[in-house]
K.L.:
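Dumping the structure here so I can ask a few things about it.
Numbers for residues simply follow the sequence, beginning at 1.
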Amino acid sequence: MELPAVNLKVILLGHWLLTTWGCIVFSGPYAWANFTVLALGVWAVAQRDSIDAISMFLGGLLATIFLDIVHISIFYPRASLTDTGRFGAGMAILSLLLKPLSCCFVYHMYRERGGELLVHTGFLGPSQDRGAYQTIDSAEAPADPFAVPEGRGQDARGY
């Protein structure tokens with residue numbers, strides 16, 4: 001299934017709006033973490049061909065998922081919530097719920113810009129890197145310049 005094309009500016013605008021409303025209730029570290037990641041998103045918009053910019057934005061979004069869960073669960077006001085407080089908390093939770101979807105779209109953009117797969121599972125199976133591979137029946141010279149072919153210049157005792 002192909003992901004629909006979503007503009008990075010739309011993702012940024014949506015999360016900026018939700019973060020701004022979430023800051024009605026959650027300020028301090030919540031605001032710092034989210035607005036810093038949004039600044040990385042602005043960098044990714046400005047540098048259209050940069051893999052670093054989009055990967056930093058993707059990593060920041062992933063980190064703020066965890067940080068938002070911790071922050072909202074610790075600092076959620078349990079007593080005397082006003083309607084404004086409920087609205088702000090709801091927008092922060094909505095932003096948190098939309099971040100995994102945003103990560104999927106941003107990862108798709110990362111791949112379009114030429115980024116490689118972030119998760120390498122080479123340690124689970126055979127390695128795909130065959131750059132230094134040399135077969136046994138290869139006729140090429142050995143890589144060691146001091147190696148002497150067997151039988152020339154040495155006798156069986158190694159002298």
K.L.:
Just how far is it from atom CZ of Arg113 to atom CD of Gln47, taken to the nearest 0.5 Å?
P.N.:
9.0 Å

K.L.:
Hydrophobic clustering (ILVMFWY, side-chain heavy atoms < 4.5 Å, transitive) - are Phe75 and Leu94 grouped together?
P.N.:
yes

K.L.:
Tell me the closest heavy-atom pair linking Ala53 and Ala44, and the distance in Å.
P.N.:
CB-CA, 3.6 Å

K.L.:
Counting distance only, does the side-chain N/O of Arg111 pair as donor-acceptor with the main-chain N or O of Glu116 below 3.5 Å?
P.N.:
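Absent.
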
K.L.:
If I take atom CG from residue Leu8 and atom CG from residue Leu13, how far apart are they, to the nearest 0.5 angstrom?
P.N.:
11.5 Å

K.L.:
Please tabulate, one pair per line, all N/O donor-acceptor pairs under 3.5 Å involving side-chain atoms of residues 98-106, not counting sequence neighbours.
P.N.:
| unit_1 | atom_1 | unit_2 | atom_2 | d |
| --- | --- | --- | --- | --- |
| Lys99 | NZ | Asn34 | OD1 | 2.5 |
| Lys99 | NZ | Thr64 | OG1 | 3.1 |
| Lys99 | NZ | Asp68 | OD2 | 2.6 |
| Ser102 | OG | His15 | NE2 | 2.7 |
| Ser102 | OG | Leu98 | O | 3.2 |

K.L.:
Closest heavy-atom contact between Val37 and Gly60?
P.N.:
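Heavy atoms of Val37 and Gly60 come nearest at CG2-O, 3.5 Å.
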
K.L.:
Do Tyr76 and Leu81 make a side-chain contact, defined as non-hydrogen atoms from C-beta onward lying under 4.5 Å apart?
P.N.:
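Yes, side chains in contact.
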
K.L.:
Passes side-chain contact (heavy atoms from CB on, under 4.5 Å), Tyr30 versus Thr19? Steps please.
P.N.:
CA-CA 9 Å; Tyr30 176 82; Thr19 300; 4.3 Å; yes

K.L.:
Can you get from Trp32 to Trp21 by hopping between Ile, Leu, Val, Met, Phe, Trp and Tyr side chains that sit under 4.5 Å apart?
P.N.:
no

K.L.:
Can you measure from CG (Leu96) to CZ (Phe66) and round to the nearest 0.5 angstrom?
P.N.:
12.0 Å

K.L.:
Could you measure the distance from the CG atom of Asp49 to the CD1 atom of Ile54? Nearest 0.5 Å is fine.
P.N.:
11.5 Å

K.L.:
If you measure from CG on Leu62 to CG on Leu58, what distance do you get to the nearest 0.5 Å?
P.N.:
5.0 Å

K.L.:
Ring centres under 6.0 Å, that's the criterion: do Phe57 and Trp43 meet it?
P.N.:
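Here the rings of Trp43 and Phe57 have centres that are no less than 6.0 Å from each other.
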
K.L.:
For Ala33 versus Leu67, what's the shortest heavy-atom pair and its separation?
P.N.:
CB-CD1, 4.1 Å

K.L.:
Are Val70 and Leu61 joined in one hydrophobic group, where the rule is that I, L, V, M, F, W and Y side chains link up if heavy atoms are under 4.5 Å apart?
P.N.:
yes

K.L.:
Just verifying a value: how many Å separate Arg86 CZ and Thr82 OG1, rounded to the nearest 0.5 Å?
P.N.:
7.5 Å

K.L.:
What heavy-atom pair brings Phe26 and Ala89 nearest, and what distance separates the two atoms?
P.N.:
CE1-CA, 3.9 Å

K.L.:
Could you tell me whether the side chain of Ile11 reaches within less than 4.5 Å of the side chain of Asn7, counting heavy atoms only?
P.N.:
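Not touching, per the 4.5 Å side-chain cut-off.
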
K.L.:
Say whether, by atom type as modelled, one donor and one acceptor occur between the side chain of Ser95 and the main chain of Met91 under 3.5 angstrom.
P.N.:
no

